[in-house]
Visitor: 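Sharing a structure below in structure tokens format, with a few things to ask.
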Amino acid sequence: MPFIPHTDDDVKTMLDAIGANSIEDLFAEIPAELRSEGLDSIPDGVNEMDISRLMRERADQDSRSLCFAGAGAYEHHIPAAVWELTTRGEFYTAYTPYQAEASQGTLQLLYEYQSMMASLTGMDVSNASLYDGASALAEAVLMAVRANRKSKSKRILTPRTVHPDYRRVANTIVHNQGIVLDELDFDRQQGVIDPASLPDDPGDVTALIIPQPNYFGALEDVDVLTDWAHAHGALVIAVVNPVSLAILTPPGEWGDSGADIVCGDGQPLGAPLSSGGPYFGFMCCRKAFVRQMPGRIIGRTTDLDGKSGYTLTLQAREQHIRRSKATSNICTNQGLLVTAATIYMSLLGAQGLERVALACHANTMKLLAALDETDGVTKLFDRPLFHEAVVQFDLPVADVMRALSVQGIIGGVSLADDYPELGNSILICATETKTDADIETYTASLKRIAMRLTANRCPVQPKM
Amino acid sequence: MPFIPHTDDDVKTMLDAIGANSIEDLFAEIPAELRSEGLDSIPDGVNEMDISRLMRERADQDSRSLCFAGAGAYEHHIPAAVWELTTRGEFYTAYTPYQAEASQGTLQLLYEYQSMMASLTGMDVSNASLYDGASALAEAVLMAVRANRKSKSKRILTPRTVHPDYRRVANTIVHNQGIVLDELDFDRQQGVIDPASLPDDPGDVTALIIPQPNYFGALEDVDVLTDWAHAHGALVIAVVNPVSLAILTPPGEWGDSGADIVCGDGQPLGAPLSSGGPYFGFMCCRKAFVRQMPGRIIGRTTDLDGKSGYTLTLQAREQHIRRSKATSNICTNQGLLVTAATIYMSLLGAQGLERVALACHANTMKLLAALDETDGVTKLFDRPLFHEAVVQFDLPVADVMRALSVQGIIGGVSLADDYPELGNSILICATETKTDADIETYTASLKRIAMRLTANRCPVQPKM
Amino acid sequence: MLIFEQSKSQRANPSQAPLQEAGIDSIPAQFRRRRRPLLPEVSEMQAVRHFTRLSQKNFSIDTHFYPLGSCTMKYNPRASNTLAMLPGFLQRHPHSPDNLSQGFMACMFDLQEILKDVTGMTAVSLAPMAGAQGEFAGIAMIRAYHDAREDTARTEILAPDAAHGTNPATATMCNYKVKEIPTDAQGDVDIDALKAAVGPQTAGIMLTNPSTLGVFERRIKDIAEIVHSAGGLLYYDGANLNAILGKVKPGDMGFDVIHMNLHKTFSTPHGGGGPGAGPVGVSPRLEPFLPVPLVVKNDDEYSWLKEKDRPQTIGRLSTFMGNAGVLLRAYVYARLLGREGMHRVADFATLNANYMLARLRKAGFEAAFPERLATHEFIITLKRQAKELGVNTMDFAKRLLDYGFHAPTTYFPLLVAECLLIEPTETEAKEDIDAFIEAMIKIQHEAESDPEKVKSAPHSLPVRRLDDVKAAKDMDLRWTVSE
Amino acid sequence: MLIFEQSKSQRANPSQAPLQEAGIDSIPAQFRRRRRPLLPEVSEMQAVRHFTRLSQKNFSIDTHFYPLGSCTMKYNPRASNTLAMLPGFLQRHPHSPDNLSQGFMACMFDLQEILKDVTGMTAVSLAPMAGAQGEFAGIAMIRAYHDAREDTARTEILAPDAAHGTNPATATMCNYKVKEIPTDAQGDVDIDALKAAVGPQTAGIMLTNPSTLGVFERRIKDIAEIVHSAGGLLYYDGANLNAILGKVKPGDMGFDVIHMNLHKTFSTPHGGGGPGAGPVGVSPRLEPFLPVPLVVKNDDEYSWLKEKDRPQTIGRLSTFMGNAGVLLRAYVYARLLGREGMHRVADFATLNANYMLARLRKAGFEAAFPERLATHEFIITLKRQAKELGVNTMDFAKRLLDYGFHAPTTYFPLLVAECLLIEPTETEAKEDIDAFIEAMIKIQHEAESDPEKVKSAPHSLPVRRLDDVKAAKDMDLRWTVSE
Ligand SMILES: Cc1ncc(COP(=O)(O)O)c(C=O)c1O
Ligand SMILES: Cc1ncc(COP(=O)(O)O)c(C=O)c1O
């Protein structure tokens, strides 16, 4: 039987030991009327050969494309060693390290991860992961409400330059608790929050969220924003891209006293695009707030012989101890992705990560320039950026994107739904994986498409 | 520096310890006039991202094809676990297990492998691998010459039903030693050696090679052949497909006393097609001949505490001890492929391997029937077979094969060069990986091609 | 040794970094980092060696029997990993247009259908990223349901006292108060207490069945009846679904919403803590509230339903669509099992558990619920050993590690003193189960003859018993350069 | 425990076997197997667990410093593995037509070109499957060359007494007698002895340079002159190519033919014994004899040259084209290194070796050739320790295992008493080399203070010292059911 090692003899011996006549007898306590008849819509079992064939066909169907989309998921080079090591059975098939002595591999790795993230963000401590960037932001909001004891408003200032889906997720998760995510608008020229537009007397604000780079790829005035928030008794929640931190000021150094909570998505650190997950959310904070953190935290301690070892710690924050008073309901997190990220950061080092960040920046600048030079395409904001930018088409964005996709090019992510005021705009991204030839392929296709669409007086269905 | 961990400080400290001024000084003993100027045709180093892109493009270029070729390399389903385990660093990056205590993983696995192969072939002992099937046959011939002390002729009867490239390789390797591979012809109707055609008085024959299944996929009269050889003082060298042994009589049971040496290619046991290698050669023999075997052999022994352990043994046969008197010059073998094969056999078990063999047989029978029913294609031999067969076309074989390949179908392997007397024939194979739909795809394409080629009065270049 | 301790500042791995020379001038200095972060600077080999060695310090399914109760540590087929990591799947950007995504979407759609059938629910969302997030989605849907009906006085969620910690924690996240319902001596919910507890303030109840006590909640129909008539809904915590796969469907028991832990029942790996996937299934009345996105099929074409297509949705739970790679693994596993295979899961998980229980009892260990059949797991209480020999559950657990077995779950549920919650799963062979039982018997002998040995275990692991109190006190949570 | 001992006869893994029902009637009974072979019948998890655990019992590059002299145990980049195992490469049938093979053939062609350049040879064949087969190809070409010139009186191959065992064994396979040339006190070939040995019977000489003694053969030009003037050819055993990559080309030293061990210099993994790849390079006069197949490029199209295109070839060495997958790995590595990277290999391999030698000598260990520079490796002789303390090279080697280091090569070359041939390779960090040296010093102290501890080592491995004599005597070479 697939995955079941029992022989008929085993079954007999085991039933004898139990004193039962059949396996069926072991289900005697289930009321008969509840027993189900079968699983009609579930197909017969197949073998590994057949499912392999099916999955290969399906994977091939969604074949490789030339991808200039970012918007929260970035195509980076991942060293082969990362996943060869990460999928070693000992990492891949272990549980959460509840028995510390039998899990020193995972635990030491997580301690190393926490150290790396704390240093990258410039914060004191890191937890061992949350689900993803968006849910990490939700947890950060909940944490800020707990941590900012002086504020009673549960009001979180949320710039529209924060990833729209992060804002949606945060709202899904926090709104039941009466927390309000108050929108802050952005400057149409710059694509960032204009610090001058911030009110002098904002009232009781629990926290201000600051994205850096923001959803448009643009760099916010983080120092001013941080100081403004702190001046008004609000905590600062930073939402950052971890790769960008190789070259950008870490949130721990923003303004006079730094951000209070830092979160984001760890995907750029070694997680493949993989349709959007599994990625992982990271969270760091000041030491003073550590008891308000959600998620696992690993601490170094000693064993009976005084030897160093690692263990889950501060568990009194967690659901399995504190139950309804826990800092979060999270239990299973995204450990394996953290394993990959730790190996990724170890293979790249600070120098390597810096080169990745610089190459992403340079390639996006090149792409932006190339597009800006293309007829019918305009660069939208005039602002320093990391590795994303917004461009606007003269033509309907959906048609352009569809036509590009038929040629295997994902030209970017349309902003039409989330920022209708920006017209036919898309968010573009060129990471270190993109060559000059790739950029040329993109702009050349775009020119052809523009010509065709203009000639045809769109909308038009490109021929498949 | 790629793969080199030295910092400038390290280099300085190390040179100081040596008492040298520069690394260059360490090459002082190399005569200056020999020093090379550079490696002009070697390109600049690239990084892993760039080589990955290049290799992906090249691999994609040779994209998946529907393959009905066998002829010594068979497409089988390989459980995912096989290579995930085989490429674990501890197997993948270890050396030959010279330090037994630090290599018990590899050594125990090899002992298990030897046990499996001995049982599969019905022989007493197995070595731990040779390079591939063809070179294993060469080694078997050399071994037979050493082992058959009564024979002085160095004459090896070599049926033309043995894989032509095996015969070529054997000849390359043994001919310098004055060994003669005497060809034995086959029966044109049956595609096997006709036992009745064997001479009553063959003279001094050192050994007879018996392939089962033979190159045409047909089953030889192994019992009669074995007994005939033994009756005339010749040893029997069996060349077998290991998967076929799940259903065919093992060489150890051929005739009255079984084959003496068994060899073949282990590829069907878990090695991917991989352009022809790495595969591995296996060799088993009677215990009496073990000291004549080439290659590594692992034995079970005990340690200082009496605990079981495994070690390289009978090393006095090998080049590092016996030097010019060794049984072979082989040193590095194909250990990793044996690792894969051992895991493969463990995952399949005797039952599973039997099902694989039966499915291969059944699918080839289906393919053969389907082709035989196709106009212009005839089945050539009338003989029980394992999983290969010969069919003949009415049309020029090269044209047919080329036209098929343009449609991504590898229709088989042409016999035109090696067996011109068989006309426009090919050797076909359908393993367990082929479905009825695949067979249908093949015959449908063939029909279209035949129609086109006939209409055009070939030869013709199919449009690409 | 920490990876940082192998670091040297000039070491670099140029084969992993872009070769391209790229400036930073277009980013003004005010935005730029001044000091490099403390990431290790090691060679590729040093990293490979370090993490390979670290991995060897773990117990895992691939190396050890791991009968961690409530966690369903079964074999994770390697094919699931290999196939989920096919380049076509790994490289798919979450914003890939539908015309470049039909292969992936077909898998997701098929998986939704399979999960509907095994749960007996009418619709499934794959969005939640783990069990706890599935719980959140479920309770948020219950709240949305009551809200939509303007039934706003419901402020309480009921849960048995044996419930997993995520249940009450989730209720809190959804702004519910939690009322605990006691368990009776047989491990069933105390029906009278339940009756007393329900009322117009009851939003719903969260239940696992089989419960975390390793027994089947026999009066589930009554419970459903009681809660439903009070206007509350039933939430099924699917962590124990392995016990009843193909035997009973939560939908048939009267549940309105369920989450599944695919990383348990559908054998996706636990990865040393995650990722998992916690899809939710619902009965018709909760369907409008399902979290987005969902995959639908029209004329053989798959497409996504998002916020704008689902006005009543509780919303989005992740930036994209949840843990897609985990879902692919679960799909492969489900197809490998097929219909018959699913039935067998519950059969053999239950057989293994009852066999272990029977043999352990024969050996003198005390079952928490001696009159009950085990489900896929069961509880042994070591309170006698703790009292008479001073050797407690934790000591037994640590000593098991020395014998090469991962420990069962300890001290959960809290309700049973000195408890060991043991779940062998269906993929373990009788021989391994027997070996575990032998180890338990040996430890029992040691506890009698040489208790110190057990109390100071483990003795053969990379570290000896660790000081958790010191860990919490010192809060050494990161390496810093000063060391 | 052996995998067989976990086997049960009814166990089966249906997810790995074809589901199709297929009869055997078309095969007459006389051809059919009567009893099933003894293959283990275990579950997939049992197999995974067994082999995972076995793997953990190995030392390897990925886990340990492995300074095995003559073996070049350097880091094996993981990218080489991943990229060689791309589906497009793995699934290519060796008989795939050229129009479906251009990607693969491009890699092979490029590799041929790279190897020509590093060896200074004019043509390369990738066919040989390991070093020894490369040697065979080389000596067979030498024979074919003499034969083609009808110079048939040449019956002898010369080789230094320090030569690797494969050298004389290969000469024998090609039906040559082997004459050993002594080494002088400085580790160079004894030129006078060589002069005395050459003659009309000399077919050629097999040399490694640097030699297996860890020193560079300084009078290589003289040797070439002597052998060439006698009408013999020079064979270069490329096992030590790592020492001179980019520094000296064997072609420039006067060699006519060379094999390379790609599994050493080009960092393809050793796989616990193989596979390797042993391409051969030749000077123009041996070109016609190269083993087939070869890849050529015409107008951007690649094609194979086989027997019929190469009438003078020594022939074919494998059924297909050799160890293609290994060649792909070497190609990836070569491209990652690039020109500058190749130069650095020799630089840092040599730096590491000389540093180790210097520090070990400072610590009192005796170098075999104290007046010579080390190349990429060097020899320490422990004859004093053996004589004075009764602790020999094997004891040191086994004790090193306890300290977490794989032992260097022991007792080879035989010429140096109690020798340890140490090759750190360029990929080891100074820290690890220092740790090895510390361990050697500790063992030296132990040998003085507690020799039994060293003589009974190892103490911390899965087994203690194994009885090789018993192994050879018992000949327990396979498991059988009786046990
Ligand atoms: C009974 C029960 N409920 C809920 C959960 C939470 O699931 P997850 O860890 O996937 O969030 C668990 C996991 O341990 C569990 O055992
Ligand atoms: C000097 C020398 N020559 C030849 C060989 C043989 O190479 P291979 O093992 O690849 O056959 C070796 C390998 O150990 C060697 O060290």
Side-chain angles (χ1 to χ4, degrees), chain B residues 1-14 43-64 76-94 102 104-105 270 272 339-340 343-344 346-349 352 433, chain C residues 3 5-22 40-58 60-63 75-91 267-269 328-329 332-333 335-336 427 429:
Chain B
M1 292 166 285
F3 311 126
I4 294 178
H6 299 65
T7 65
D8 291 349
D9 281 355
D10 289 339
V11 174
K12 211 188 145 324
T13 318
M14 293 170 85
D44 284 345
V46 298
N47 63 13
E48 189 181 308
M49 177 173 77
D50 294 335
I51 189 71
S52 300
R53 189 167 171 144
L54 176 74
M55 295 300 278
R56 282 204 199 97
E57 281 165 12
R58 288 184 171 176
D60 285 351
Q61 207 178 329
D62 304 350
S63 63
R64 217 155 281 139
H76 289 290
H77 164 66
I78 304 173
V82 171
W83 283 93
E84 291 222 10
L85 294 173
T86 299
T87 55
R88 280 173 63 83
E90 300 95 320
F91 285 136
Y92 186 73
T93 72
Q104 287 295 298
T339 305
I343 299 172
Y344 176 85
S346 301
L347 286 168
L348 270 288
T433 59
Chain C
I3 187 89
E5 291 159 347
Q6 298 166 54
S7 174
K8 269 195 183 165
S9 73
Q10 280 181 66
R11 236 167 231 158
N13 253 341
S15 53
Q16 295 303 351
L19 298 171
Q20 129 191 38
E21 284 310 324
E41 301 287 341
V42 296
S43 74
E44 186 165 321
M45 182 174 76
Q46 287 179 307
V48 166
R49 210 176 261 173
H50 178 74
F51 292 108
T52 303
R53 285 182 178 180
L54 275 191
S55 77
Q56 292 184 344
K57 293 186 180 177
N58 272 1
S60 66
I61 281 295
D62 277 8
T63 51
Y75 174 59
N76 305 143
R78 278 277 140 184
S80 302
N81 182 48
T82 311
L83 298 175
M85 295 192 71
L86 288 169
F89 292 132
L90 283 193
Q91 291 163 4
S267 201
T268 69
L328 284 171
R329 285 171 174 79
V332 170
Y333 177 74
R335 294 297 309 272
L336 284 170
T427 62

Visitor: With rounding to the nearest 0.5 Å, note down the distance linking CE in C:Met45 to OG1 in B:Thr93.
Guide: 10.0 Å

Visitor: Sort B:Arg88 into side chain, backbone, both or neither according to what part of it lies under 4.5 angstrom from a heavy atom of chain C.
Guide: neither

Visitor: Please flag which part of C:Gln56 lies under 4.5 Å from any non-hydrogen atom of chain B: side chain, backbone, both or neither.
Guide: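 Side chain only.
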
Visitor: Using a cut-off of under 4.5 Å on heavy-atom pairs, state which of B:Pro2, B:Pro5, B:Gly89 scores highest against chain C.
Guide: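 Of the candidates given, the most pairs with chain C belong to B:Pro5.
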
Visitor: B:Glu84 versus chain C, heavy atoms under 4.5 Å apart: side chain, backbone, both or neither?
Guide: side chain

Visitor: Between C:Thr82 and B:Ala80, which heavy-atom pair has the shortest distance, and what is it?
Guide: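 Result for this residue pair: OG1-CB, 3.2 Å.
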
Visitor: Heavy-atom distances under 4.5 Å only: say whether B:Asp50 touches chain C with side chain, backbone, both or neither.
Guide: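 It is the side chain, since no backbone atom gets that close.
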
Visitor: What residue, out of C:Ala79, C:Ser43, C:Ser15, has the most heavy-atom pairs lying under 4.5 Å from chain B?
Guide: C:Ser15

Visitor: Out of curiosity, C:Arg78 CZ to B:Leu85 CG, how far, rounded to the nearest 0.5 Å?
Guide: 7.0 Å

Visitor: Hey, does C:Thr52 have a side-chain heavy atom less than 4.5 Å from the side chain of B:Glu90?
Guide: yes

Visitor: Is there side-chain contact between C:Glu44 and B:Phe3, with heavy atoms separated by less than 4.5 Å?
Guide: yes

Visitor: Go through C:Gln10 and B:Asp10 one step at a time and tell me if the side chain to side chain contact (heavy atoms under 4.5 Å, CB included) criterion holds.
Guide: CA-CA 10 Å; C:Gln10 280 181 66; B:Asp10 289 339; over 6 Å; no

Visitor: Could you check which of C:Val48, C:Leu19, C:Asn13, C:Val42 has the highest count of heavy-atom pairs closer than 4.5 Å to chain B?
Guide: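 Result: the option with the highest number of such pairs is C:Leu19.
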
